Number of protein chains: 2
Amino acid sequence: MANPGTSRRPKYQRIAADLRQAVQAGEYRPGDRLPGENDLMAAYQVARMTARQALGVLQTEGLAEARKGAGVFVRSFRPLRRRGGPDGIDTHAVALDGAVEEQRTPPPTVADALALSPAAVIPVRDHRFVRDGKPVLLSTSYRPQPGLVAVRFREEIHCRMPSSEEAQQLRLPPGTPVIQIRRTGFAPDGRAIEVNELTLDASSYLLEYEFDV
Amino acid sequence: MANPGTSRRPKYQRIAADLRQAVQAGEYRPGDRLPGENDLMAAYQVARMTARQALGVLQTEGLAEARKGAGVFVRSFRPLRRRGGPDGIDTHAVALDGAVEEQRTPPPTVADALALSPAAVIPVRDHRFVRDGKPVLLSTSYRPQPGLVAVRFREEIHCRMPSSEEAQQLRLPPGTPVIQIRRTGFAPDGRAIEVNELTLDASSYLLEYEFDV
DNA sequence: CAGTGGTCTAGACCACGAT
DNA sequence: TCGTGGTCTAGACCACTGT
């Protein structure tokens, strides 16, 4: 009896669709608790795993977040705006929570971009920024010659699901992607002189770029 | 017996970690088939649901992709580069697969940005671009007065998990985020005269922006 | 056709959070 | 303490893919 009743869709998808619609209709507001596994088992006459699966759908969509021992709650979206520009990281609304400077060997892709030998040791700075106590941005800066000043920047943006390590560092609930920005600074002669790798909690950020024709 | 043996971590996470490491070590290359549910059940002496859960982890991380009736396969990443600039969409390497132009009422946020009345009807163009037969970009353009030419653009980027509708349109496997770009064009007097909303398969794209100091 | 992943059941024990 | 979600078992039937 995999597909009883009048519907052809799996039960868990139908339950998930009901919940999703209720959220979008405003029946549940951000922070509200959704019906739990036991509620759904009773309401839809399904097994625990099926109810779990339905709630799992909303979580992997980023619409809900489970808190162990408490329930499943509607997530909220309050984005920080980051303006792409010469400044790099704008620190308003976020607080620097950790900073480390040490001599390290950069990863091969960075050493390559900076035209360093693969085993070169240079000063590296690690930063962590938080909002409301939650980390939202990790930054690693590579700048072998701090004296030089960049006059042009390129930012490359890639969006993906986090590694388990990143999910832990940024305390990301399931269904939250990360934005990875590689920011490269160039000297007037066109040489790359600094690289900054940023990892952002995608649910906390909205990026903004402007340009004239 | 939720946590037998010497490990404190759940079984499914341990299995997933083994597989993840094997992928990252190159034991399985992009496109290769991973051990299936039956293989994992036998190798680790676990129930089907536990093996499934382990394979599910790799899929929600975007590292693997299940093909029904065939197996679970390592995903590949071959990004298209999109340069932010006056051009909007660069069509090299992607093909226009569908285009519709019609008179519609834009969503409230767009009507607001363009200073239109909420019920205004304007020409709207929908485009779909594909690479190797797979859709990678959906575009909707709002341009109430085609005669005007924009001299400045702003792009706002947001990354999130797709709605089920978007996942279907872009044929996204689980664990694939989307990038949403709202591109606004401004006339010399500063008024917004066009809005273009793009939805990108994040696993297919790498965005690039440049600026001088 | 045999093998695969997809869905589902009906139980069980656990760790955690709120009360 | 009690209810919550988290993990796990041992079965089952299905739809799909490849040969």
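Values in this document were obtained by computation on a predicted structure and should not be read as measured data. Labels below follow one simple rule: chain letters A, B, ... track the order of the sequence lines, proteins then strands, and each chain is numbered from 1.
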Got a sec, which residues hit salt bridge (charged side-chain N to carboxylate O under 4.0 Å, His left out) with [X], two or more places apart in sequence or on another chain?
X	result
Glu166(A)	Arg160(A)
Asp32(B)	none
Lys68(B)	none
Asp39(A)	none

What is the distance from [atom1] of [X] to [atom2] of [N], rounded to the nearest Å?
X	N	atom1	atom2	value
Glu65(A)	dG17(C)	CD	C1'	15 Å
Gln53(B)	dG6(D)	CD	P	10 Å
Met49(B)	dT9(C)	CE	C1'	11 Å
Lys11(A)	dG6(C)	NZ	C1'	14 Å
Ile15(B)	dC8(D)	CD1	P	8 Å
Arg33(B)	dT4(C)	CZ	C1'	7 Å

Under the salt bridge (charged side-chain N to carboxylate O under 4.0 Å, His left out) definition, can you give me all pairs with a residue in residues 198-207 of chain A, not counting sequence neighbours? Lys134(A)-Asp201(A)
Go through residues 36-44 of chain A and report each residue with a non-hydrogen atom lying under 4.0 Å from DNA chain D, sorted by number. Gly36(A), Glu37(A), Asn38(A)
May I ask you to decide if the ring planes of Phe77(A) and His158(B) are parallel, tilted or perpendicular, using 30° and 60° as cut-offs?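 Taking His158(B) first and then Phe77(A), their aromatic rings lie parallel (interplane angle under 30°).
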Which ones in residues 66-73 of chain A lie close to DNA chain C, meaning a heavy atom under 4.0 Å from one of its atoms? Lys68(A), Gly69(A)
Is [X] close enough to [N] that one of its side-chain N or O atoms is under 4.0 Å from OP1 or OP2 there?
X	N	result
Tyr12(B)	dC8(D)	no
Arg52(B)	dG5(C)	no
Thr50(A)	dT7(C)	no

If I compare all heavy atoms of Tyr44(A) with all of Asp18(A), which pair ends up nearest, and what's the gap?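 It is OH-OD2, 2.7 Å.
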Which nucleotide in the list dA10(D), dT9(C), dT7(C) gets nearest to the side chain of Gln13(A)? dT7(C)
Which residue lies toward the 5' end of DNA chain C, Ala51(A) or Arg48(A), if each is placed at its nearest nucleotide?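 The residue mapped nearer the 5' terminus is Ala51(A).
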Among residues two or more places apart or on two chains, list those pairs meeting side-chain hydrogen bond (donor to acceptor under 3.5 Å, both in side chains) that have a residue in residues 70-79 of chain A.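 Sorted result for residues 70-79 of chain A: Arg75(A)-Thr176(A), Arg75(A)-Ser203(A), Arg78(A)-Asp132(A).
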Below 3.5 Å, can you tabulate the donor-acceptor pairs from side chains in residues 50-60 of chain B to any protein atom, sequence neighbours excluded?
residue, atom, partner, partner atom, Å
Arg52(B), NH1, Glu37(B), OE2, 2.6
Gln59(B), NE2, Leu55(B), O, 3.2
Thr60(B), OG1, Gly56(B), O, 3.4
Thr60(B), OG1, Val57(B), O, 3.1

